[in-house]
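Sequence lines set the chain letters: A, B, ... in the order given, protein chains first and strands last, and positions in each chain run from 1.
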Protein chains: 2
Amino acid sequence: MAKTGDRARTAAAPALSSLDFALDRASPVPLYYQLAQQLEAAIEHGVLAPGNLLGNEVDLSVRLGLSRPTVRQAIQSLVDKGLLVRRRGVGTQVVHSQVKRPLELSSLYDDLEEAGQGPTTQVVRHEVVPASCDVAAALGVAEGSEVTVLDRLRCTHGQPVALLCNYLPASLLDLDDARLESTGLYRMMRSAGITLHSARQRVSARAATAEEGARLDEEEGAALLTMQRTAYDDTGRPVEYGTHIYRASRYTFDFQLLVRP
Amino acid sequence: MAKTGDRARTAAAPALSSLDFALDRASPVPLYYQLAQQLEAAIEHGVLAPGNLLGNEVDLSVRLGLSRPTVRQAIQSLVDKGLLVRRRGVGTQVVHSQVKRPLELSSLYDDLEEAGQGPTTQVVRHEVVPASCDVAAALGVAEGSEVTVLDRLRCTHGQPVALLCNYLPASLLDLDDARLESTGLYRMMRSAGITLHSARQRVSARAATAEEGARLDEEEGAALLTMQRTAYDDTGRPVEYGTHIYRASRYTFDFQLLVRP
DNA sequence: CAGTGGTCTAGACCACTGT
DNA sequence: CAGTGGTCTAGACCACTGA
């Protein structure tokens, strides 16, 4: 096989062979990462056949002048992202369209990464108070110890969308209202050297109280989407606890799940 | 350093040195996986210090008679699960409690893996119909082509919890009501050779209609949690589209997010 | 400075798939 | 059967951390 003009190949595979990857060994960026980025870009731009094979790893490593483990590491990272699928005895394929974009762009992720980014956010309340029982439990601090409480109103297109109430250990961070409104809470934490590791979320729904209705421009009794979240440090220490209330008429959680093999 | 009785070490590290891992080279289970499982078990049972170091990779590989990449692969898989954290120049630590269990046990994951498992599920409707416009779009089939529609009522403790409405390409699968009620949809798909790869979800809320209220034993206008999901094959082909409605008073989505490094 | 994880190499054998 | 990915080895050098 693999004579000059094999039809089954030419239909889908020329993409990869004609692609040239620019690997810079002097760069501090790891080789496997450079390769992964360029493969991802090729997939994103549709240069790489969606659904068809991606040439075997050995050839690829020879062609690129890399070792096979390095190539595998690059491919594996894209498999983990859900962009590629490997089949033993068959090959590596690009996953069919549709499953590409929203992998990292779910609104949940947005909330984590760039809370307060796109839309406007207004700080309604910002003070240090003694921790109530449930807040203390969520943050893993003593009841009555100082915590920062933060109430924010988020709007898009001039319309209220959500009421965000957050608690943080007071010792953790200095918060500046102006930066909070422009930069967002998670960005501020990140630039303060706090690396987020995981978060626990609970999503439910309930009817709006009269006050919530007034603040969110909904009728009393309207359906609201609620979310409670506790976010953890990479040491497992809780760094934030929040209760968010969204107008169901103007907000949905969109996200993508990857099923572990 | 590392003299006989170093205090800083003895406080946390004896766990690992006294652990003996049983690696079976004859087993078809990969060595890295055997090691990962046993490390995970040690963490789960609290044998391994939460928050403290886990000895360096080189020593570990020598002690186990494995190569370092193999040991790294085991450790990496636990890092990906969020159980361990690596710090360059420092070491590998067990993440502090709290962030362990619910990683794979979120109710979202449950829904995916074992829909219809714990609680009882009753098939209310099960027929083949021509695809409506939105269903056809979600499943990537032609409008009017045959799809299986499935309405189920899920209960726990004798109380209704959710109305599940699902659509599948009719050609995909033979569904048996009895097995559906006992085994669950996703298990049936799996045993039919369909390997799930990813799913897209949209969660929101709205007020119950009179009919929904009657079926779910809620008042008309009560807040309901809604979820739409499209699940994809590992080729990216949509294999299921569903609309689920939950009683917010009896159901919440609980899940854990991991922040990619 | 010594110790750690992060990256990389150049091989090897095996298990599985499809023809 | 040939071709693929899956696993594994035994080294190497580097970048970073903390004392």
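If you measure from atom CG of L60(A) to atom C1' of dG3(D), you get 16 Å, rounded to the nearest angstrom. A straight line from CG of L84(B) to C1' of dT4(C) spans 15 Å, rounded to a whole angstrom. Following rounding to the nearest Å, D59(B) (CG) and dG5(C) (P) show an atom-to-atom distance of 9 Å. Summarising the geometry, the separation between CZ on R86(A) and C1' on dG3(D) is reported as 16 Å, rounded to the nearest angstrom. Going from atom CG of L54(A) over to atom P of dG3(D) covers 18 Å, rounded to whole Å. Here dG6(C) presents its P atom at 12 Å from CG of N56(B), a figure rounded to the nearest Å.
Side-chain contact between M188(B) and L180(B): present, with at least one pair of heavy atoms (C-beta onward) separated by less than 4.5 Å. Counting heavy atoms from C-beta on, the side chains of D24(A) and Q34(A) come closer than 4.5 Å.
Between T92(B) and dT4(C) there is no side-chain polar atom (N or O) within less than 4.0 angstrom of OP1 or OP2.
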Whenever both distances are under 3.5 Å in a Watson-Crick or G-U wobble pair, mark it; put DNA chain D into dot-bracket that way, with [ ] for crossing pairs and | when the partner is on another strand. ||||||||||||||||||.
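A salt bridge links D234(B) with R87(A): at least one charged nitrogen is closer than 4.0 Å to a carboxylate oxygen.
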The contact string for nucleotides 7-15 of chain C, one letter per nucleotide 5' to 3', using protein heavy atoms under 4.0 Å with B, S and - for base, sugar-phosphate only and none, comes out as BSBB-B--B
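Between the side chain of T70(B) and the backbone N or O of L66(B), no donor-acceptor pair lies under 3.5 Å. In terms of modelled atom types and a separation under 3.5 Å, the side chain of N56(B) and the main chain of D59(B) share a donor-acceptor contact. Side chain of H96(B) to backbone of T235(A): a donor-acceptor contact under 3.5 angstrom is found. Listed for the E143(B) side chain is no donor-acceptor partner under 3.5 Å among the backbone atoms of A131(B).
Heavy atoms of other residues, nucleotides or ligands lying less than 6.0 angstrom from CG of D174(A) number 12 at most.
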